[in-house]
Amino acid sequence: MKAFKPAAMTLRGYVLHEEQYRKLEQLRDQLFLMAKVIYASTEEEEDVLLEVRRSNLGQLLEDFGLRVDEVVTALQCDGHRLQTPSQWH
């Protein structure tokens with residue numbers, strides 16, 4: 001009778017270094033903070049316009065994009081990108 005050999009484990013998902021994980025946590029926290037600031041807390045505030053300069057909003061969104069890009073770029077292993085969920089099948 002053949003000895004049982006467990007099947008090779010396949011990586012499902014991504015493995016991040018702690019630094020990149022912290023960057024994602026910071027980005028998440030900043031997005032939640034922005035949402036809190038933007039949401040009206042009273043009925044009177046609901047009708048008040050929130051004025052934001054286009055350049056400031058663009059700069060903020062660009063910063064978020066760059067942070068996400070840093071983490072995604074860190075998901076490379078030996079020069080090869082790890083598999084994305086669409087490649088698992």
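We use all heavy atoms of the structure for the numbers below, so side chains are in, but hydrogens, waters and symmetry mates are not.
A heavy-atom distance below 4.5 Å is not found between the side chains of Q30 and L60. Residues Q20 and E70 have side chains not in contact (no heavy-atom distance under 4.5 Å, counting atoms from C-beta outward).
Other residues, nucleotides and ligands place no more than 12 heavy atoms under 6.0 Å from the CD atom of E18. Within a 6.0 Å radius of CZ in R54, no more than 12 heavy atoms belonging to other residues, nucleotides or ligands are found. Within a 6.0 Å sphere centred on OH of Y21, heavy atoms belonging to other residues, nucleotides or ligands number 12 at most.
The side-chain contact (heavy atoms from CB on, under 4.5 Å) test applied to L49 returns no partner, not counting sequence neighbours.
In terms of hydrophobic clustering, with Ile, Leu, Val, Met, Phe, Trp and Tyr side chains grouped at heavy-atom distances under 4.5 Å, L66 and V72 are assigned to different clusters. Cluster annotation: F32 and L61 are assigned to distinct hydrophobic clusters (Ile/Leu/Val/Met/Phe/Trp/Tyr, side-chain heavy-atom contacts under 4.5 Å, transitive). Follow the hydrophobic side-chain contacts under 4.5 Å out from V52 and you never reach V37; the two are in separate clusters.
The structure places CG of L50 at 10.0 Å from CD of E45, a figure rounded to the nearest 0.5 Å. Taking CD from Q26 and CG from L31, the interatomic distance works out to 12.0 Å, rounded to the nearest 0.5 Å. For the atom pair OH of Y39 and CD of E46, the computed distance is 10.5 Å after rounding to the nearest 0.5 Å. Annotation: the span from N56 atom CG to E51 atom CD amounts to 12.5 Å, rounded to 0.5 Å. Between atom CZ of residue F64 and atom CD of residue Q59 there is a gap of 11.0 Å, rounded to the nearest 0.5 Å.
A salt bridge links R22 to E25: at least one charged side-chain nitrogen sits closer than 4.0 Å to a carboxylate oxygen.
Between the side chain of E62 and the backbone N or O of G58, no donor-acceptor pair lies under 3.5 Å.
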